[in-house]
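Data first, discussion second: the structure below is written as structure tokens.
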Amino acid sequence: MKKKIALIFGVTGQDGSYLTELLLKKKYIVHGVKRRSSLINTSRVDKFFYNNKQFKMHYGDVTDTASIFTLIKRIKPDEIYNLAAQSHVKVSFEIPLYTADVDALGSLRILEAIKLTNKKIKYYQASSSEMFGNSGKKIQDEKTKFNPQSVYGISKVFSFFVTKNYREAYSMYACNGILFNHESSRRGETFVTKKIVQGLVNIKKGKQKKLILGNLYSIRDWGHAKDFVFAMWKIMQMKKPDDYVISTNKQFSVKKFTELVAKKLDMKIIWKGKGLNEKGFVKNKEIISVNKKYFRPTDVNQLRGNFRKAKKQLKWTPKHDINYLIDEMLEIT
Ligand code: NAP
Ligand code: G4F
């Protein structure tokens, strides 16, 4: 039987590396798109697939329409996963136009290339719970109204609707995974979970004095990236394309996540003070403080996803809980 061919935009990221691993196990030929950078930025994939003949990388960029067309024409993929994004919400306040170019128009460029090249190619869009923003609902699902709080979230809403529109207007297999936060040992260092794990491990080893955080009271629904890329693949194997919330339906504050990590490192945190003066002490030594530079002009207060539709239709449930997530992150930090 002919092997399926997948093309992944954003292959060098956290999800790109887990998805590559999954698709190679499923006997796909995987093509990944990497960006040119002055230092090597492919460590997440080189480490695992460098010598794998079923895996190939190509230069490209979702801001470069010609490279998208060229790759799709040359590779002739069965499935395209668009994971490419300026994925940091806080950074989207600092480089909003660039963020919109990549996160909103990038998706449209790929969809248009599919439409003009071969409408049978399936398309996955990496949509985000940031689209819900401050929705006013305690639990969010596919029917919850979007109220995004950043250019990142707004760009993802554009991509969500453009994906739905190409599905409806051109009968394309185009679908959205609305993924809630998912983490792993491969998570980028500036996202809060990785920053906390790395910071506390370094403090424990005496390599770092303090961990400086922003909004400790922000609440997220954190899953494991391994489970979430499996959901991406499942979404692409359905008879009909559709949109699905992927989450754990459990939520924790940034403060609670910090306490859970500290406990596993045998560090008991005593909190003192309030607001910007709140500090965390271990054995009377100040190890955590708050700085306004890590706050966003507008933040999403709380997220908790209802994955009932994915459970029913995709037969998907998350396999790993927050304890597994923290253990894995601690083991490989
Ligand atoms: P990530 O680690 O930041 O990876 C993003 C990927 O996009 C990287 O490979 C990056 O390349 C690439 N990229 C950035 N700009 C690009 C451009 N102009 N052209 C081509 N590629 C570009 O993010 P992730 O956590 O794996 O997330 C994957 C996708 O899911 C993203 O779209 C993100 O917005 C979305 N998402 C993530 C979560 C989550 O909690 N992780 C939740 C919901 C949705 P470099 O390596 O060169 O930077
Ligand atoms: O880890 P974060 O930066 O993730 P955020 O903003 O929720 O976005 C991530 O998840 C989205 C899905 O909901 C993805 F679409 C997106 O691509 C990305 O993967 O921040 C989580 C929370 C925020 O409320 C932030 O204000 O933690 C708070 N926080 C508190 N101190 C901090 C910090 N965030 C960061 N990055 N750094 C801090 O020091």
Side-chain angles (χ1 to χ4, degrees), residues 8-19 32-37 39-45 59-64 67-68 81-92 98-99 101-103 105-107 109-110 124-133 140 148-150 152-153 155-156 159-160 176-184 186-196 199 211-225 228-229 232 245-247 252-255 257-258 288-303 305:
I8 305 176
F9 289 90
V11 76
T12 55
Q14 170 188 256
D15 292 4
S17 77
Y18 282 108
L19 182 64
V33 179
K34 63 175 174 181
R35 298 192 290 171
R36 149 77 190 144
S37 63
L39 284 173
I40 289 172
N41 64 346
T42 51
S43 61
R44 282 191 185 104
V45 277
Y59 283 109
D61 196 302
V62 297
T63 60
D64 183 277
S67 70
I68 298 171
Y81 294 83
N82 178 24
L83 313 181
Q86 187 304 89
S87 70
H88 204 286
V89 176
K90 170 80 173 17
V91 173
S92 81
Y98 175 73
T99 301
D101 196 7
V102 176
D103 298 9
L105 292 182
S107 327
R109 289 186 188 101
I110 302 173
Y124 174 89
Q125 170 59 28
S127 283
S128 164
S129 50
E130 274 292 304
M131 300 188 306
F132 295 121
Q140 301 86 35
Q149 299 296 312
S150 62
Y152 171 82
S155 303
K156 288 286 186 182
S159 286
F160 174 89
N176 287 286
I178 308 172
L179 272 53
F180 281 62
N181 297 52
H182 48 279
E183 320 290 311
S184 72
R186 298 182 202 169
R187 187 60 146 150
E189 284 96 344
T190 59
F191 295 98
V192 79
T193 55
K194 183 75 173 188
K195 182 173 165 181
I196 292 167
L211 171 63
I212 307 172
L213 294 168
N215 182 5
L216 295 173
Y217 295 93
S218 177
I219 295 172
R220 289 292 181 272
D221 174 337
W222 280 297
H224 197 289
F228 282 42
V229 300
M232 290 178 190
V245 158
I246 302 298
S247 62
F252 300 86
S253 66
V254 170
K255 189 171 177 177
F257 186 89
T258 311
I288 299 170
S289 67
V290 173
N291 191 307
K292 68 170 185 269
K293 87 172 180 192
Y294 294 113
F295 282 73
R296 291 140 198 215
T298 42
D299 203 351
V300 172
N301 304 325
Q302 71 91 24
L303 289 170

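One-based numbering, in listed order, for ligands and for the atoms of each. Remember, it's a predicted structure, so these values are computed and weren't measured experimentally.
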For ligand 1, find each of its N or O atoms that sits under 3.5 Å from a protein N or O atom, and tabulate the pairs with distances to one decimal place.
from     : atom 1 : to   : atom 2 : distance (Å)
ligand 1 : 2 (O)  : Q14  : N      : 3.0
ligand 1 : 3 (O)  : S87  : OG     : 2.6
ligand 1 : 7 (O)  : A85  : N      : 3.2
ligand 1 : 9 (O)  : G10  : O      : 3.3
ligand 1 : 9 (O)  : T12  : N      : 3.4
ligand 1 : 9 (O)  : T12  : OG1    : 2.6
ligand 1 : 9 (O)  : G13  : N      : 3.0
ligand 1 : 11 (O) : T12  : OG1    : 3.3
ligand 1 : 15 (N) : R35  : NH1    : 3.3
ligand 1 : 18 (N) : D61  : OD1    : 2.7
ligand 1 : 19 (N) : D61  : OD1    : 3.2
ligand 1 : 19 (N) : V62  : N      : 2.9
ligand 1 : 25 (O) : R187 : NH1    : 3.3
ligand 1 : 26 (O) : Q14  : N      : 3.2
ligand 1 : 26 (O) : D15  : N      : 2.8
ligand 1 : 32 (O) : L83  : O      : 3.0
ligand 1 : 32 (O) : K156 : NZ     : 2.9
ligand 1 : 34 (O) : Y152 : OH     : 2.5
ligand 1 : 34 (O) : K156 : NZ     : 3.1
ligand 1 : 40 (O) : H182 : N      : 2.9
ligand 1 : 40 (O) : R187 : NH2    : 3.3
ligand 1 : 41 (N) : H182 : O      : 3.4
ligand 1 : 41 (N) : H182 : NE2    : 3.4
ligand 1 : 41 (N) : R187 : NH1    : 3.2
ligand 1 : 46 (O) : T12  : OG1    : 2.6
ligand 1 : 47 (O) : R35  : NE     : 3.1
ligand 1 : 47 (O) : R35  : NH2    : 3.4
ligand 1 : 47 (O) : N41  : ND2    : 2.9
ligand 1 : 48 (O) : R35  : NH2    : 2.8

How far is atom 8 (O) of ligand 2 from the closest protein heavy atom, and which atom is that? V89 CG2, 3.6 Å
To which protein heavy atom is atom 31 (N) of ligand 2 closest, and what is the distance rounded to 0.1 Å? G214 N, 2.8 Å
Ligand 2 atoms in contact with S128 (distance to a heavy atom under 4.0 Å): 11 (C), 12 (C), 13 (O), 14 (C), 15 (F)
Counting heavy atoms under 4.0 Å, the part of S218 that contacts ligand 2 is side chain
A student checking ligand 2 against Y294 at a 4.0 Å heavy-atom cut-off should list atoms 39 (O)
Is E130 in contact with ligand 2, taking contact as a heavy-atom separation below 4.0 Å? yes
How are the rings of Y124 and Y81 set to each other: parallel, tilted or perpendicular (split at 30° and 60°)? tilted
List the closest protein heavy-atom neighbour of atom 6 (O) of ligand 2: residue, atom name, distance to the nearest 0.1 Å. R296 NH1, 2.5 Å
How far is atom 27 (O) of ligand 2 from the closest protein heavy atom, and which atom is that? V254 CG2, 3.5 Å
Short version for K156: what comes under 4.0 Å of ligand 2, heavy atoms counted, is neither
Which residue owns the protein heavy atom closest to atom 14 (C) of ligand 2, what's the atom, and how far is it? Y152 OH, 3.5 Å
Do the non-hydrogen side-chain atoms of H88 and T99 ever get within less than 4.5 Å of each other? no
Name all residues meeting the side chain to side chain donor-acceptor pair (under 3.5 Å) criterion together with S127; count only those two or more places apart in sequence or in a different chain, and write none if there are none. N176
Give a yes or no on whether a salt bridge exists between D15 and R44, defined as a side-chain N under 4.0 angstrom from a carboxylate O. no
Polar contacts were defined as any N/O atom of the residue lying under 3.5 Å from an N/O atom of the ligand; does this apply to S129 and ligand 2? yes
What's the shortest distance from atom 5 (P) of ligand 2 to any protein heavy atom, and which residue and atom give it? N181 ND2, 3.7 Å
Can you tell if the side chain of V245 reaches within under 4.5 Å of the side chain of Q140, non-hydrogen atoms only? no
Can you tell me the protein heavy atom closest to atom 39 (O) of ligand 2 and the distance? K195 NZ, 2.7 Å
Validation row: I288, L213 side chains within 4.5 angstrom (heavy atoms): yes
Check R187 against ligand 2 and report side chain, backbone, both or neither, counting heavy atoms closer than 4.0 Å. side chain
With atoms numbered from 1 as shown, which atoms in ligand 2 lie under 4.0 angstrom from a non-hydrogen atom of D299? 23 (C), 24 (O), 25 (C), 26 (O)
Below 4.0 angstrom from a heavy atom of L303, which ligand 2 atoms are there? Numbered from 1 as shown, please. 13 (O)
Report yes or no: does F295 have a heavy atom closer than 4.0 Å to ligand 2? no
Nearest neighbour of atom 37 (N) of ligand 2 from the list L213, V91, T190, on a heavy-atom basis: T190
Of the protein's non-hydrogen atoms, which lies at the shortest distance from atom 33 (C) of ligand 2, and what is that distance? V192 CG2, 3.5 Å
Is there side-chain contact between Q14 and F228, with at least one heavy-atom pair below 4.5 Å? no
In chain order, what residues pass the ring-ring contact (aromatic ring centres under 6.0 Å, His included) check against F180, with sequence neighbours excluded? F132
Sequence neighbours excluded, which residues qualify as salt bridge (charged side-chain N to carboxylate O under 4.0 Å, His left out) partners of K90? E94
Looking at ligand 2, is there an atom of it that comes within less than 4.0 Å of some heavy atom belonging to Q14? no
Per-atom filter on ligand 2: closer than 4.0 angstrom to a heavy atom of H88 are 36 (N)
